[in-house]
Number of protein chains: 2
Amino acid sequence: MVTKQFRGSPEDADLTRADSLAREIFSDIANKWALLIIEALGEGTLRFGELRKEIDGISHKMLTQNLRMMERNGLVERQVHPTVPPRVEYTLTEPGAALRATVDAMCDWTHRYLGDIEASRGRFGSGPAASG
Amino acid sequence: MVTKQFRGSPEDADLTRADSLAREIFSDIANKWALLIIEALGEGTLRFGELRKEIDGISHKMLTQNLRMMERNGLVERQVHPTVPPRVEYTLTEPGAALRATVDAMCDWTHRYLGDIEASRGRFGSGPAASG
DNA sequence: CGGAATCCTTTCCGATACTG
DNA sequence: CAGTATCGGAAAGGATTCCG
């Protein structure tokens with residue numbers, strides 16, 4: 001039940017704390033860039049620059065920011081090779097790989113219903129017109 | 001391949017248009033509130049006010065805004081009962097219900113890895129400390 | 001090459017007021 | 001009860017610059 005969060009009742013402090021944490025994590029990953037990064041890393045390990053090229057439209061800043069967040073949450077592992085120029089590689093962890101299956105499903109869904117959605121958009125606006 | 005979007009090449013106009021649309025839809029639904037609404041409607045039809053109560057922390061405005069977007073994309077159906085006071089009900093469509101399975105998986109994932117993530121967060125910050 | 005900090009614009013989102 | 005519109009602060013996010 002991720003829809004619920006915390007209410008201030010002191011008794012169920014543990015339950016509400018878990019709910020609050022669940023919601024926080026959910027909010028972290030229910031984000032465009034994070035999901036696209038997971039999708040991109042699904043193929044295997046990628047360097048920072050490769051990720052940037054793979055994910056169309058992501059900025060340097062957003063990529064860094066989301067990778068930090070995902071590293072903190074243990075979704076990706078960051079490996080720094082102390083060469084020059086530096087080489088930094090990102091890999092999905094086991095939790096990250098598990099989430100990847102879900103993201104794949106979301107991508108499949110998108111392509112599966114692309115036509116329906118386009119049609120729905122066409123109807124929207126012309127649909128609920130006045131009757132008289 | 002939702003990670004790719006459109007490049008201005010005139011030849012593959014159709015392909016890039018589809019990619020662009022796919023990314024747009026993906027961005028629409030890869031959003032905290034939209035996913036929580038889908039999750040909430042998974043149980044069955046709910047009124048506006050019920051949704052508001054079900055989804056902790058969502059504001060009147062965000063709920064309206066996301067419901068419009070989801071209606072436009074054909075994820076939810078909106079039924080207005082011309083009573084007084086008005087009664088408006090929201091139900092998942094078939095595409096919406098299909099997406100629900102994915103969102104459920106995301107919620108399951110969240111609870112499944114809650115502990116791991118919390119542990120990872122604890123390590124983060126104290127991990128990459130200087131060696132000397 | 002990858003990261004961090006800065007600046008600046010855009011978007012998000014809550015609060016409020018008003019309508020039917 | 002549900003929806004729309006407006007306002008203003010907060011946060012997101014892009015561009016740029018400097019560092020190792």
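Values below: all heavy atoms of this structure, side chains included; hydrogens, waters and symmetry mates excluded.
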Worksheet item: Can you check the Gln65(A) CD to dG2(C) P distance for me, whole Å?
Response: 18 Å
Item to complete: Provide the closest heavy-atom pair for Trp109(B) versus Pro95(A) in the form atom of the first, atom of the second, distance.
Response: NE1-O, 3.0 Å
Practice prompt. Tell me which residues in residues 34-53 of chain A put a heavy atom below 4.0 Å from DNA chain C, sorted by number, or none.
Written response: Arg47(A), Phe48(A), Gly49(A)
Item to complete: Rounded to 10°, tell me the angle between the two end axes of the helix from dC1(C)-dG20(D) to dG20(C)-dC1(D), each built from five pairs.
Response: 40°
Worksheet item: Between Tyr90(A) and Glu71(A), do the side chains contain an N or O donor and an N or O acceptor separated by less than 3.5 Å?
Response: no
Worksheet item: Whole-Å distance between dT11(C) C1' and Asp28(B) CG?
Response: 14 Å
Worksheet item: So, Arg121(B) and Glu24(A), do they make that salt bridge, N to O below 4.0 Å?
Response: yes
Fill in: Residues Asp28(B), Arg68(B): salt bridge by 4.0 Å N-O rule
no
Fill in: Rounded distance (Å) that lies between atom P of dT11(C) and atom NZ of Lys32(A)
11 Å
Fill in: Under 3.5 Å: donor-acceptor pair, side chain of Ser27(B), backbone of Arg23(B)
yes
Practice prompt. Kindly say whether Thr91(A) contributes a backbone atom to a donor-acceptor pair with the side chain of Thr45(A) at under 3.5 angstrom?
Written response: no
Fill in: Note: Glu89(A)-Arg87(A) ion pair, threshold 4.0 Å (strictly below)
yes
Discussion item. Quick check for you: name the first and last nucleotides of DNA chain D, 5' to 3', having an atom under 4.0 Å from a heavy atom of chain B.
Written reply: dC1(D) to dC7(D)
Worksheet item: Could you give the CE-to-C1' distance, from Met70(A) to dG3(C), as a whole number of Å?
Response: 17 Å
Discussion item. Let's test your reading of the model: under 3.5 Å, does the base of dG3(C) pair with the side chain of His60(A) as donor and acceptor?
Written reply: yes
Worksheet item: Okay, side chain of Thr93(B), backbone of Leu75(B): is any donor-acceptor separation there less than 3.5 Å?
Response: yes
Worksheet item: Once you round it to whole Å, what is the distance between P of dG3(C) and CD1 of Ile58(A)?
Response: 12 Å
Worksheet item: Side chains of Asp116(A) and Asn73(B): is there a donor and an acceptor less than 3.5 Å apart?
Response: no
Item to complete: May I have the distance from Met62(B) (atom CE) to dC12(C) (atom C1'), rounded to whole angstrom?
Response: 6 Å
Worksheet item: Could you state the CG-P distance from Leu63(B) to dG14(C), rounded to the nearest angstrom?
Response: 11 Å
Item to complete: List the atom of Lys32(A), the atom of Phe26(B), and the distance in Å for their closest heavy-atom pair.
Response: O-CE2, 4.2 Å
Discussion item. Distance check needed: dG3(C) P versus His81(A) NE2, whole Å only.
Written reply: 12 Å
Worksheet item: What are the two closest non-hydrogen atoms of Ala34(B) and Met70(B), and how far apart are they?
Response: O-CE, 3.9 Å
